[in-house]
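See structure below.
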Amino acid sequence: MAHPKDRPGLSRRRLLQGAAGGALGVGALGALAGCQNTTTPIGTCEGGADSPLVVAKPTGPGGLPLPRPDNSVTWAIQADNQPLPEGRTPERGPLKVYNYPDYLDPVVLKRFQRKHGVKVEVATYNSSDEAIAKLAAGAVSFDVIVGLSGSNIVNLIAQQLLQPLNHAYLPNLEKNVWPELRDPAYDRGSRFTVPYVVWSDGIGWRNDKLTTDIAAMDVPWDVFWESSPYRGKVGLLDDKRDALSLPMMRDAMRAGTRPDVNTEDPAIVAQAGRDLKELTRIANIKVAITDYQTLPEARTWLHHSWSGDLLGGAFYYMPKGVKPDVLSYWAPERNGVVQNDFFCIGRTSSNPALAHAFIDFFLDETNAYDNFVNFTGYTPPQNGIDAQTLLDQGLIPKSLERAVVRPEQFAFNQELLQLSVAGERLWDQAWSKFKAG
Amino acid sequence: MSRLRNPWGRPRGLVLVTAVYVLWSIVPVAVAILFAFNDGRSRTTWQGFSTRWFTGATGSVFHDAALQSSLKHTLLLGVLCVLVATPLGVALALGLQRWRGAGSGSVNTVMLLPLVTPEIVMGVALLLLFLKIFPGIGLGTTAQVIGQVTFTLSYVVVIVRGRLVSIGRDYEEAAADLGAPPRDQLLRVLLPLLAPAIVASAAVVFAISIDDFVVTQYLSSDASTTTVSMLLYSSARGAPTPALNALATVALVITLATLALAFLVYRRFAGGSDAAVAAALEV
Amino acid sequence: MMGSRWTWRLLALPGVAWLSVFFLVALYAVVSVAFGNQNTLSEPVPFWNPLDWNVGYVLTVLRDIGSGGQYLTVFLRTFLFVGVALALSLAIGYPVAYYAARHTGRWRGLVLLALVLPFWINYLMRMLAWINLLGPGGWGTIVLHDVGIERLFIWLGLLSERGGWLDGQPTTVIIALVYGYVPFLILPLFASLDRIDQRQIEAARDLGASPFQAFRRVTLPLSLPGILAGSVLIALPMFGDYYTPDLVCASAKCNMIGNQIDQFTRQGSEKVTGAVLTLLLALVLLVLMAYYLRSTRSADADLRAGEA
């Protein structure tokens, strides 16, 4: 039964699938009245009719449940989207990879291309929002998607953009990857995703340009609001989740509490946006993800960073004659953001066996190590890579030892996970308000 | 319009301003081309002369698949755009110029609108068009060509119409008096007379298409639909090497060569250099 | 007479059809999405029938503008940048076009070539060239410092710190806009100045006017249509520019309306709001266009009255 208000582009099947989360019932299809002239998304007007006996868990895009540490999710494998059957040989390619820029070692990529006799084409996105928008538009078909994380997983599943993985093709997963990450809360059983690298959110700086000892401060996050001596040389990550969580972590640290970086409290999010806006006034802060280049080149001196950027900068981007120990990094031991991103395979991939081979290739210990130490700087969750050894060998300067993430850190810190549709809008609004200057 | 010599002497101030402007305009690009030949990875510090970013073993234009593919795709789009926009635009120019009666004013306005519409408005509009109205076409090369043709059409029309105005109807009427049927008048009299303008507009369309950024980026799908402009933009914010300068230099050389070729063809058709320049200025 | 009038309309038909579909319908798609909604998967859903239009998003944006919120700030800032850039472009472009049109004689071809050359160089390459020069240690930064311009700008408050040309300076954005768009102004100005009959100026001089008076009372008014046309030609596209501020200034202080539209549409946070902002931008530009058309019509009338 189609309601007169049903719009093209929104099929009933989609709505019904969304009902799996419990927020929409079949009867809700008819109740779009009262939703005119609003900004409420179609299909959520009437709200959910859950039982009053339980506090409803938050739901996200498509009405799907939001993974949280206390609410792990197992994604169902659909009849029309089965994992690749066993025994297939890798296809001819070319393999289409969608990734952040400068996030896969070109030398290791060449190695893969030579081993399988195929070509690899890498297209890039500059923010996870952009990637989801492009993938969701359905206009592109990628074999392997790299760099998205638990803050995007529900979008990917809700819009049915992924195909399930067949672990028979991924022997290195069992062999090499940290056990802590093999069964994440956002994808129990690693049915659709496999971890790529781990990182923490922190502060990167040039210790030869800054006089402050950031690590020794009571609340190191405050340094951004005290950075007017370095006007024009301060940077913030161009990602709304990471950036807005910065003032939240600062406030929590001041108060000695644990922040909720997945909060949907309008007051807190709006306040975070206002706090960031102050930074434009104080330091004319730049918004970019290029700190792995601008810090080594001293185009920025203080940057909100992902830990891997500092190591990558130290390994690969130092200009001639500048030693990597001018770079420093700090991240909190507890109550910060420690996260991993993942590999996944596009649902419409025409090279699924090759895609699996690609992922397995990068889970191999030598390749993961080379990718890390020679180029990206992001720690792969490999059992065989020992941070301490790297430090002892002098590969990583002492000033950057906190940039290497250890498996124990996951327990004391948080991940940025997917928000509900309303929550996403809250953060979007605060972020665009900040970016508008 | 007379070109008598200026009766009150040389204006030194204006000469200075113009000279400074020309320098300001060209020198940065010359420097960028210079650094394409830099020996090191820097784009600001000169480290010696080398052609490694053009032909070197790693990371050069000739050996980097991504850079090459972007160059090929840019040229592909340019050629396709010219092939579609030029005939379409010439026909539209002829039709518009000779249109009598109702509708010509509004068609004229619609034709001129893309010239002043900001590219981002066109980019958003075309993106939504290919996502919501023509999802069968979707994003990618076809969409990029269609988008580029849509806003370069106006340039063809304006250039060809300008030439039409100066040609007038005399030649066609003479041909008609001599008994030529309408089709012959069009194909054998008018079009050859229009040839310089057609060639000029084709060259303009090619140059605009190669330079285009916003619409091409909005309508691109994956790595195979990346153009030189898109690569320049994304790499400029990341970790650029002089290979980027080399890529831009190669694209520039191709554009200039095409234009030079078009100009030579144009001169031949228009019968001599003076007539050609005069005709160009009529345009 | 060649062919019936239908021949010509038939010839024009493919072009008209193309523009109708890929321009007019595309614009209508923007309108439909702006008055549409999005579903729980954050995809935009257009409402094609005007009777069903949802004004929720449009009202949100208008309310924000009415209360002096972020969109108003960005619109005003864009107007400011474009206005200053246009004024500077005219100040630079008019003398150059004037010289090229009226004085060059023997060197005419060469000067024309030099003026036309920037057209054929990729816009982004020209911007990149500037980024190279203005980076720390770049030749441009060094020259600007040595010549004293840097000190002047800091004194005027146009530059916040030494060598900080690329560190979030609105000034750099305006200069980059001028650099990028002034070639597109010079050519229509040149065409217009070139068309002015030398004899009219000589007549004025014969009647006793000084060179300056002849310029002010003959050349300038006659070149006004060209000034207006050129201004429209560069100002309107400048309004939608987002890549120039993005490249030379990554800070929120340089955010133009084009950046906001790009943020919402391509970077994926909310395509419906992006469509609303696009629609608003198009309407603002339509008003400016209408003003331009009206003023050219009245300028033409004045000229004709003057000649009578």
Side-chain angles (χ1 to χ4, degrees), chain B residues 1-2 4 6 8 11 14-15 17-18 21-22 25-26 28-29 31-32 35 43-45 88-89 91-92 94-96 98-100 107 110-111 114 116 118-121 124-129 132-133 146 150 153 172 176 182 185 207 211 213 218 229 232-233 236 248 251-252 255-256 259, chain C residues 2-3 5 8-9 11-12 14-16 18-19 22-23 26-27 29-30 33 46 92 95-96 98-99 102-103 114 117-118 120-126 128-133 135 137-138 195 197-199 211 232 236-237 239-240 242-243 247 258 261-262 265-266 274-275 278 281-282 289:
Chain B
M1 180 174 47
S2 73
L4 299 177
N6 173 23
W8 43 84
L14 284 182
V15 172
V17 169
T18 308
Y21 167 74
V22 170
S25 189
I26 309 279
V29 177
V31 172
F35 274 94
R43 295 162 73 227
T44 50
T45 328
L88 212 57
L92 185 57
L94 283 170
L96 259 182
R98 304 289 166 83
W99 188 310
R100 293 282 169 263
V107 173
V110 171
M111 183 276 297
V116 291
E119 279 213 71
I120 192 157
V121 173
V124 174
L126 287 166
L127 177 72
L128 293 175
L129 184 80
K132 295 292 162 193
I133 303 183
I146 293 178
T150 308
L153 203 56
E172 292 161 74
Q185 288 171 39
D211 194 4
F213 168 63
Y218 267 73
S229 300
L232 289 177
Y233 180 69
L252 177 63
T255 311
L256 290 180
L259 287 171
Chain C
M2 182 172 135
R5 57 190 193 165
W8 300 118
R9 297 191 190 193
L11 260 184
V16 172
W18 184 285
L19 285 174
F22 295 115
F23 185 65
L27 289 178
V30 177
V33 171
I92 296 176
V96 176
Y98 187 84
Y99 175 70
R102 312 212 63 82
H103 286 286
L117 200 58
W120 313 129
I121 305 177
N122 192 316
Y123 183 96
L124 285 173
M125 183 186 186
R126 293 161 67 216
L128 276 187
W130 270 109
I131 296 175
N132 274 356
L133 287 177
R195 262 174 238 198
D197 197 336
Q198 180 81 326
R199 290 171 295 193
V232 166
L236 263 49
F239 268 101
Y242 67 91
Y243 35 94
L247 285 173
I261 295 176
D262 187 57
T265 313
R266 196 177 55 89
T278 307
L281 177 65
M289 260 298 271

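Fair warning: this is a prediction, and the values are worked out from it, not measured in the lab. So you know, we letter chains A, B, ... as the sequences are listed, proteins then strands, and number each from 1. Note: hydrogens, waters and symmetry copies are ignored here, and every other heavy atom, side chains too, is used.
Interface residue C:Leu117: only side-chain heavy atoms are found under 4.5 Å from chain B. With a threshold of 4.5 angstrom between heavy atoms, B:Val22 approaches chain C through side-chain atoms but not through N, CA, C or O. Only the side chain of B:Val107 comes within less than 4.5 Å of a heavy atom in chain C; its backbone stays farther off. Interface remark: B:Thr255 contributes side-chain atoms only to the contact with chain C (heavy atom separation under 4.5 Å). Looking at B:Leu259, only its side chain comes within 4.5 Å of chain C, counting heavy atoms on both sides. Both the backbone and the side chain of C:Val16 come within less than 4.5 Å of a heavy atom of chain B. Interface residue B:Val31: only side-chain heavy atoms are found under 4.5 Å from chain C. If you measure heavy-atom distances from B:Leu96 to chain C, the contacts under 4.5 Å come from the backbone alone. C:Leu281 touches chain B through its side chain: at least one heavy atom from C-beta onward sits under 4.5 Å away, while N, CA, C and O do not. Contacts of B:Ile146 with chain C are made by both backbone and side-chain atoms, with heavy-atom separations under 4.5 Å.
Taking OH from B:Tyr218 and CG from B:Leu128, the interatomic distance works out to 10.0 Å, rounded to the nearest 0.5 Å. If you take OH on C:Tyr123 and CG on B:Leu232, they are separated by 13.5 Å, rounding to the nearest 0.5 Å. Summarising the geometry, atom CD belonging to B:Glu119 is positioned 8.5 Å from atom OH belonging to C:Tyr242; distances are rounded to the nearest 0.5 Å. B:Leu252 contributes atom CG, which lies 9.0 Å from atom CG of C:Asn122 (distance to the nearest 0.5 angstrom).
If you tally non-hydrogen atom pairs under 4.5 Å between each of B:Ala207, B:Pro114, B:Ala32 and chain C, the highest count goes to B:Pro114. No other option in C:Gly240, C:Gly274, C:Ala282 has as many heavy-atom pairs under 4.5 Å with chain B as C:Gly240. When each of B:Ala91, B:Ala251, B:Gly89 is scored by its heavy-atom pairs under 4.5 Å with chain C, the top score falls to B:Ala91. When C:Ile92, C:Leu27, C:Leu247 are compared by the number of non-hydrogen pairs under 4.5 Å with chain B, C:Leu247 comes out ahead.
Taking the six-membered ring wherever Trp is involved, the centroid distance between the rings of B:Phe213 and B:Tyr233 falls below 6.0 Å.
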